[in-house]
Every structure is written in structure tokens, then in C-alpha cells.
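Shown next, in C-alpha cells, is the structure this report addresses.
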Amino acid sequence: MENVIAVGLILPDLPKTVAEEHLEELGKLIGTAGGTLVARVIAKRNAPDPATYVGKGKAEELQRLVQKHRGSLVVFDDDLSPAQVRNLEKLIGGKTKVIDRSALILDIFASRAKTREARTQVELAQLEYMLPRLTRAWTHLERQAGGIGTRGVGETQLELDRRIVRTRIARLKDELQRIEKTRATQRKSRGGAFTVALVGYTNAGKSTLFNRLTRGDTLAMDQLFATLDAKSQRIAREMPRETVIIDTVGFIRKLPHHLVASFRSTMEEAVAADLVLHVIDASHPQHAEQREIGEQVLADLGVDSARVVDVYNKSDRVDEHFDVRRRNSVVVSALTGEHIDRLVDVIRDREREGGELLHLEIPHADARLIAQLHERAEVYEQATNDETVSISAWVPNNLMNLFRAFVTAARKRRAS
Ligand SMILES: Nc1nc2c(ncn2[C@@H]2O[C@H](COP(=O)(O)OP(=O)(O)OP(=O)(O)O)[C@@H](O)[C@H]2O)c(=O)[nH]1
Ligand SMILES: [Mg+2]
């Protein structure tokens, strides 16, 4: 276990309470990464100090804290420039590492990634993050060796390093494209199920809800970024249509943009779902900020808000009068199961809006109609009889008139 010190700033547009909440979150990230939080430091400033972020005085205080707690790592809640990292490491001294929030999140992602896709995405993000910071090791060397000549060697070595990293980045990008193609093929074979994506801030309860809806056994735990791989499974309820639930990686304030970029295609695919459930931890003091961050990410990914329903989760932990007064929202507890039925009804309603499940009996002679069903509806079952073909299919509303006449009386099931 590493002893870690967390550092944040109070700025004119970032009041103390919010800064403390943010530092609280940074503490959770540190715990998730396997570190032990031994001290928290908040500095009040008008702006970050370009040389040391917290200012020289605070940096010296950090040095004392590090010695007192035998700290081996200091994490800053904001991105640091390579120069700031260098200055701080010098001021704090010893073998203490100085990293920023992005590096910490990248580290968590790297240790969590399981599938080949997630691993590739994380490595790509890490290298992109590293590339502009590569100078550092070599300036150290320059300082030690000094003098003309060594500098030239240093630069050559640096250029070499950069080239190696760039080559690797290119290779990872190729690899990701290949994986995406495979996934697209798999998606096609998944057929025309109604898809529901669970998205939202990390720790909001997406995986718990996923398990509740699917009887799945996805890892859900009180840690940030428990889930890194989009996962899908059929809903375990009686539904108008075949329904697949998709669990996704969580969002966080200031997610490193390299990570956003590498996870973009996975997220884009997930949020291409027919319905997006935005899961919000209603019991979290910062739930309004977390919701806004989620909404921002969804907007960036081009999700039309008409496809989004807000799910306020952890209702068991909020006042019973908790009322969101927002359109398109449900209040549930994934943990206790409270009001989950309401949520399932919301999904059912959405499924019914677009069409109906029909059981049809179509004469062989109408081959063109059958072909049209396969093209534009979703065929679930098909059996060939002597003169007809029996088909169960989800038929979108705009095709309904074509098929009404073929609905079998016995199995006619209005979806409303
Ligand atoms: N009290 C309460 N706790 C819940 C509820 N839903 C989830 N939790 C807890 O919240 C924590 C996070 O749940 P997860 O389902 O892992 O959250 P997630 O959104 O998948 O998080 P990431 O995968 O890390 O993004 C776990 O400790 C859950 O037990 C709920 O309705 N009520
Ligand atoms: Mg999860």
C-alpha cells in the first residue's frame, strides 16, 4: 500500500464545499487505485500557480506532510503541466512521485481493463497522455550529465522514444479498428432486439441495476470504475419485444480526454440504443453536478434527449419525499428493487410506441411481403406450412397497414 496525499484548490469559481467534495472524490479514486489516503490539502488561490500549481509555500508544506506520513505519492486534482510536475517533485523531494488526476484515472483504467478491447483503448490513452510528457526523463538525465554532447545524445534518444511511442499508437489504433469491425458484425447477428443502455456517473448503480433487470452477475461495488467493458444481456422480464440491456463504463468529472477519445466508439455504440437510461445517484450530495456531466457526455455523443430517461437511483437512501419534478424520470432503488416495476413499465411503453408484435399467417404467394418483413421489421420466429408461412415479428407502425390483414385471430395480441 502506498501512502498518498491528495491536493486540491479552492478557486474564485470553485467554492470551498465543492472543492472539498471534489477532493473527497479524488480520495475515492486513490482508494480504488489501491492507495491509502493519509492527508488532504486544500489551497486557496485566485488561480493555479503556473510553476507549482499550489504555490511555493504550500508545496513546502506538502514536503513536511510527506515526511510526516511517509508519503510516496502526491496526487493533484487537476491536470499538471510537465514543468509543474518537475518543480513539485524537486520541491517535495525524496522519491515521492507527483501525478495528476488524469494519470491516476488512467492507472485505474489500466489495472481494471479485462477485455482485449478495453486494454487496447486504455493503452492508447496512456501513450497519448505520455507523449507530450516524454521530455521529462531526459531533462533529468541532462541535469545529471550536463554539458555539450550529452544534450545531443539526450535529444536523439528522446526522438527515438517518441518514434517508438508514435509507432505503437498507430498500431493500437489499427487494432481498435479491427476490433470495432468484429463488434459491428456481432451486433448485426444480435438481431433486432430493443436495446436499452445504462449510462451515468461512476458508482451511480448502473451495474446493480443491470443485475436487477437481467438477473446477471456483473461486478457491482462501491468503487469508482468497477465496470470498464460494455456488457449486454437479455432482460429477465416479460416484454413486448425481445429486450437487451447494456451496461457501460461510468463517467466522471474531468475524465481525461484521451480516455474519452479511446472509449468513444464503445460508448457511441452503446448509446445508439433505442432507449438510454441515465442513472443518477439521488443520494449523492453532488448529484445535480453529476447529472449535468452525464448530460454533457450524452450531448457530445450526439444522443437526442428524447431517447433518454433519467433514473434516480438509491431511493432507499433519500428522503421519501424526494421528488425530481423532471419530465421523463423515474425514482428507483436498484439495491432493494423498489419501483423497478415502474421502470420496466417505462421500457415497455417505449417499446410499444414504435410498433407492435404481430403473429402473422402469410400465403406463400405473397413472397414480396415476407421479404419486406425481413427487411424492415424484426422477425423473431418463422415456420413454413403447406400454404402459408407463420411469422412472429415486431412490425413498426408505418408498416402496420400492410400486415393487418394477415394477423392470426388465435394469437392476436394487441400490444396496448
Ligand atoms: N443504497 C443503495 N446502494 C446502491 C444502489 N444501487 C447501487 N448501490 C451501491 O452503489 C455502489 C456502486 O454500484 P455499481 O452498480 O457498481 O455502480 P456503477 O454505476 O456500475 O459504477 P461503475 O461501474 O464504477 O461506473 C455499490 O456499492 C452498490 O451496492 C441502491 O439503489 N441503493
Ligand atoms: Mg458498473
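Numbering of ligands and ligand atoms starts at 1, following listing order.
Nearest protein neighbour of atom 8 (N) of ligand 1, counting heavy atoms only, is Lys314 CE, 3.6 Å. Nearest protein heavy-atom neighbour of atom 15 (O) of ligand 1: Thr208 OG1, 2.5 Å. Remark: minimum distance from atom 16 (O) of ligand 1 to any protein heavy atom is reached at Met221 N, 3.0 Å. For atom 18 (P) of ligand 1, the closest heavy atom belonging to the protein is Lys206 N, 3.4 Å. If you check which protein heavy atom lies closest to atom 21 (O) of ligand 1, you get Asn203 N, 2.9 Å. Protein heavy atom in closest approach to atom 24 (O) of ligand 1: Ala226 N, 2.7 Å. Looking from atom 6 (N) of ligand 1 to the surrounding protein, the closest heavy atom is Asn313 ND2, 3.1 Å. Scanning the protein heavy atoms around atom 29 (O) of ligand 1, the nearest turns out to be Leu335 CD1, 3.9 Å.
Geometrically, Arg133 engages Tyr129 in a cation-pi contact defined by less than 6.0 Å to the ring centre and at most 45° from the axis.
The pair Asp341-Arg237 meets the salt-bridge criterion, with a side-chain N (NZ, NE, NH1 or NH2) lying under 4.0 Å from an Asp/Glu carboxylate O. Between Lys173 and Glu128 there is a salt bridge, since at least one side-chain N of the basic residue sits less than 4.0 Å from a carboxylate O of the acidic one. With respect to Arg178 and Glu175, a salt bridge is recorded, a charged nitrogen being found less than 4.0 Å from a carboxylate O. The residues Glu20 and Arg40 are annotated as not salt-bridged, no charged nitrogen and carboxylate oxygen being separated by less than 4.0 angstrom. In summary, Glu242 and Arg234 engage in a salt bridge, as defined by a charged side-chain N under 4.0 Å from a carboxylate O.
When each atom of ligand 1 is checked for a heavy atom of Leu224 under 4.0 Å away, the hits are 24 (O). Counting atoms of ligand 1 from 1 in the listed order, those under 4.0 Å from a heavy atom of Ser333 are 30 (C), 31 (O), 32 (N). The ligand atoms of ligand 1 that sit less than 4.0 angstrom from a heavy atom of Ser207 are 15 (O), 18 (P), 20 (O). Distances below 4.0 Å separate heavy atoms of Gly250 from the following atoms of ligand 1: 25 (O). Against a heavy-atom cut-off of under 4.0 Å, Phe225 is close to the following atoms of ligand 1: 24 (O). Listed by atom number, the atoms of ligand 1 under 4.0 Å from Thr202 heavy atoms are 22 (P), 24 (O), 25 (O). The Arg317 neighbourhood of ligand 1 comprises atoms 1 (N), with distances under 4.0 Å to a heavy atom of that residue.
A donor-acceptor contact closer than 3.5 angstrom links the side chains of Ser207 and Asp247. The closest side-chain donor-acceptor pair between Tyr312 and Arg291 falls under 3.5 angstrom.
Residue Thr208 does not count as close to the Mg ion (ligand 2), with no N, O or S atom under 2.8 Å.
Side-chain contact between Leu277 and Leu343 is present, with heavy atoms from C-beta onward closer than 4.5 Å.
Taking each heavy atom of Pro240 and Leu357 in turn, the nearest pair found is O-CD2, 3.7 Å.
Relative to atom 1 (N) of ligand 1, the option among Asp316, Thr32, Ile280 with the closest non-hydrogen atom is Asp316. Considering each of Gly205, Ala334, Gly337, the one bringing a non-hydrogen atom nearest atom 17 (O) of ligand 1 is Gly205.
Take Arg241 and apply the side-chain contact (heavy atoms from CB on, under 4.5 Å) test, not counting sequence neighbours, and it matches Phe194, Glu351, Glu378, Tyr380, Trp394.
The one candidate from Arg253, Arg101, Lys254 that meets the salt bridge (Lys or Arg N to Asp or Glu O under 4.0 Å) condition with Asp78 is Lys254.
Counting heavy atoms closer than 4.0 Å to ligand 1, residue Asp247 contributes nothing at all.
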